[in-house]
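Taking it in order: structure first as structure tokens, then the write-up.
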There are 2 protein chains.
Amino acid sequence: MARVATTTDAFNAVAEPKRRQILDVLVAGERSVNDLVTLLGLAQPQVSKHLRVLREVGLVDVRDDGRQRMYRLNGHALKPIHDWLKNYEQMWNDRFEALDDVLDDLKQTEAADGGSSK
Amino acid sequence: MARVATTTDAFNAVAEPKRRQILDVLVAGERSVNDLVTLLGLAQPQVSKHLRVLREVGLVDVRDDGRQRMYRLNGHALKPIHDWLKNYEQMWNDRFEALDDVLDDLKQTEAADGGSSK
DNA sequence: TTATTATATACCTATATAGGAATATGTCAA
DNA sequence: TTGACATATTCCTATATAGGTATATAATAA
């Protein structure tokens, strides 16, 4: 079997770096396809194709504006990724590293109390 | 061209749902390959293969223990994903939704002051 | 109408999977 | 040693991309 489809969920859609770039541009606001082509230096068909994937997983919405199509970010579609990461945050959080320091201090104090002089 | 390699970064490694499942098990602590096979109901070779991908992107570390190999999570490798999401959090945060409510209220008050009676 | 601009789709190709099955490697026990 | 267990690797196949190029569709302008 091949890989899970890119349009399966936000995880897969966002695995492609150029699609992340597109989203990063759209955070600032609505953009036409051509804007994205210019800003990212990609070929127009590939931009359209990436946008289709992003649209299929709900990461962007479109609006017709004359002959342009304005794409706009829908950040909510990223929440499942953020939610999944919740269980792991503690592993790199400053707050937890601070806690680790405290625990290390406690251990050292214990060791000192225990009598190890070296 | 095909898709970006699964071993390119955490984004791609984690796009595969079964690899996320493996990580979800490892949050609780170290596990042998067979533990994972049993807990997840997957075939042993596929588990080994998924673990290889996770190892190549630094998401897990291994330790030899007799004939077992104990795998352990390295959550730090997920931080780049979390960092990337930082720019988007505001779009689904309660705090921002609360702010939206406030802004809506303001708008309504304005409208009322403006004289729209209907 | 025709031309021009903006975007989407179709077609082609190379490539990297993920799973299944078989087998290799490695470690311990008898 | 031989056998049993634990894990990794190899080989095979079907499939879904991503990029390139060409073309279709759609909307405006002349």
Side-chain angles (χ1 to χ4, degrees), chain A residues 1-26 30-73, chain B residues 1-26 30-73:
Chain A
M1 237 178 245
R3 239 199 270 194
V4 168
T6 54
T7 52
T8 302
D9 52 29
F11 283 97
N12 284 275
V14 148
E16 165 62 300
K18 289 175 184 163
R19 283 196 285 266
R20 285 202 300 281
Q21 286 181 24
I22 290 178
L23 296 181
D24 288 342
V25 169
L26 293 181
E30 232 182 15
R31 285 292 186 182
S32 72
V33 177
N34 242 328
D35 283 352
L36 292 167
V37 168
T38 305
L39 288 169
L40 300 176
L42 304 176
Q44 178 268 314
Q46 343 296 343
V47 171
S48 281
K49 278 186 270 188
H50 283 314
L51 285 170
R52 191 179 214 294
V53 172
L54 293 173
R55 198 151 41 81
E56 285 194 33
V57 299
L59 275 165
V60 299
D61 295 314
V62 215
R63 177 175 69 84
D64 279 24
D65 178 31
R67 40 179 137 178
Q68 323 221 69
R69 309 201 78 201
M70 306 302 291
Y71 281 84
R72 131 179 107 274
L73 178 67
Chain B
M1 237 180 244
R3 240 199 269 195
V4 168
T6 54
T7 51
T8 301
D9 52 29
F11 283 97
N12 285 276
V14 147
E16 165 65 8
K18 289 176 183 163
R19 284 196 283 266
R20 286 202 300 280
Q21 286 181 24
I22 290 178
L23 296 181
D24 287 341
V25 169
L26 294 181
E30 234 182 15
R31 286 292 187 182
S32 74
V33 177
N34 243 327
D35 283 352
L36 291 167
V37 167
T38 305
L39 287 169
L40 299 176
L42 304 175
Q44 178 267 315
Q46 341 297 343
V47 171
S48 281
K49 279 186 269 187
H50 282 314
L51 285 170
R52 192 179 213 294
V53 173
L54 294 173
R55 197 150 42 80
E56 285 195 33
V57 297
L59 274 166
V60 299
D61 294 314
V62 215
R63 177 175 69 85
D64 279 24
D65 177 32
R67 40 179 137 176
Q68 322 221 71
R69 309 203 77 201
M70 306 301 291
Y71 280 84
R72 135 179 104 273
L73 178 67

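Just the heavy atoms: all of them, side chains too, but no hydrogens, waters or symmetry mates, feed the values below.
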Check the interface with nucleotides 8-17 of chain C: list each N/O to N/O pair with the protein under 3.5 Å, or write none.
residue: C:dA8; atom: OP1; partner: A:R69; partner atom: NH1; Å: 3.1
residue: C:dA8; atom: OP1; partner: A:Y71; partner atom: OH; Å: 2.5
residue: C:dA8; atom: OP2; partner: A:S48; partner atom: OG; Å: 2.6
residue: C:dA8; atom: N7; partner: A:Q44; partner atom: NE2; Å: 2.7
residue: C:dA8; atom: N6; partner: A:Q44; partner atom: OE1; Å: 3.2
residue: C:dT9; atom: OP2; partner: A:R52; partner atom: NE; Å: 3.2
residue: C:dT17; atom: OP1; partner: B:T6; partner atom: N; Å: 2.7
residue: C:dT17; atom: OP1; partner: B:T6; partner atom: OG1; Å: 2.9
residue: C:dT17; atom: O2; partner: A:M1; partner atom: O; Å: 3.2

N/O contacts under 3.5 Å, protein versus nucleotides 3-5 of chain D?
residue: D:dC5; atom: O4'; partner: B:R67; partner atom: NH1; Å: 3.4
residue: D:dC5; atom: O2; partner: B:R67; partner atom: NH1; Å: 3.3

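The side chain to side chain donor-acceptor pair (under 3.5 Å) test applied to B:D64 returns B:R69, not counting sequence neighbours. Residues satisfying the side chain to side chain contact (heavy atoms under 4.5 Å, CB included) test with A:R20, not counting sequence neighbours, are A:V14, A:P17, B:D9, B:F11, B:W84. For A:T8, the side chain to side chain contact (heavy atoms under 4.5 Å, CB included) test picks out A:V4, A:A5, A:N12, with sequence neighbours left out. Looking at residues two or more places apart in sequence or on another chain, you find a side chain to side chain donor-acceptor pair (under 3.5 Å) between A:Q44 and A:S48. Judged as a side chain to side chain donor-acceptor pair (under 3.5 Å), and not counting sequence neighbours, B:Q46 has no contacts. Under the side chain to side chain donor-acceptor pair (under 3.5 Å) criterion, A:R52 pairs with A:E56, sequence neighbours left out. With sequence neighbours excluded, the residues forming a side chain to side chain contact (heavy atoms under 4.5 Å, CB included) with A:L42 are A:K18, A:L40, A:V47, listed by chain and number.
At distances below 3.5 Å, not a single donor-acceptor pair connects side-chain atoms of B:R31 with backbone N or O atoms of B:L36.
Between B:L40 atom CG and D:dT7 atom P the separation is 14 Å, expressed in whole Å. Following rounding to the nearest Å, B:Q21 (CD) and C:dA18 (C1') show an atom-to-atom distance of 14 Å. Atom CZ of A:R63 is separated from atom C1' of C:dA6 by 15 Å (rounded to the nearest Å). Nucleotide D:dT7 holds its P atom 9 Å from the CG atom of B:L36, rounded to whole Å.
A sub-4.0 Å separation between OP1 or OP2 of C:dT27 and a side-chain N or O of B:Q68 is absent.
Taking for each of A:G66 and A:K18 the nucleotide of DNA chain D with the nearest heavy atom, the 5'-most of the two is the partner of A:K18.
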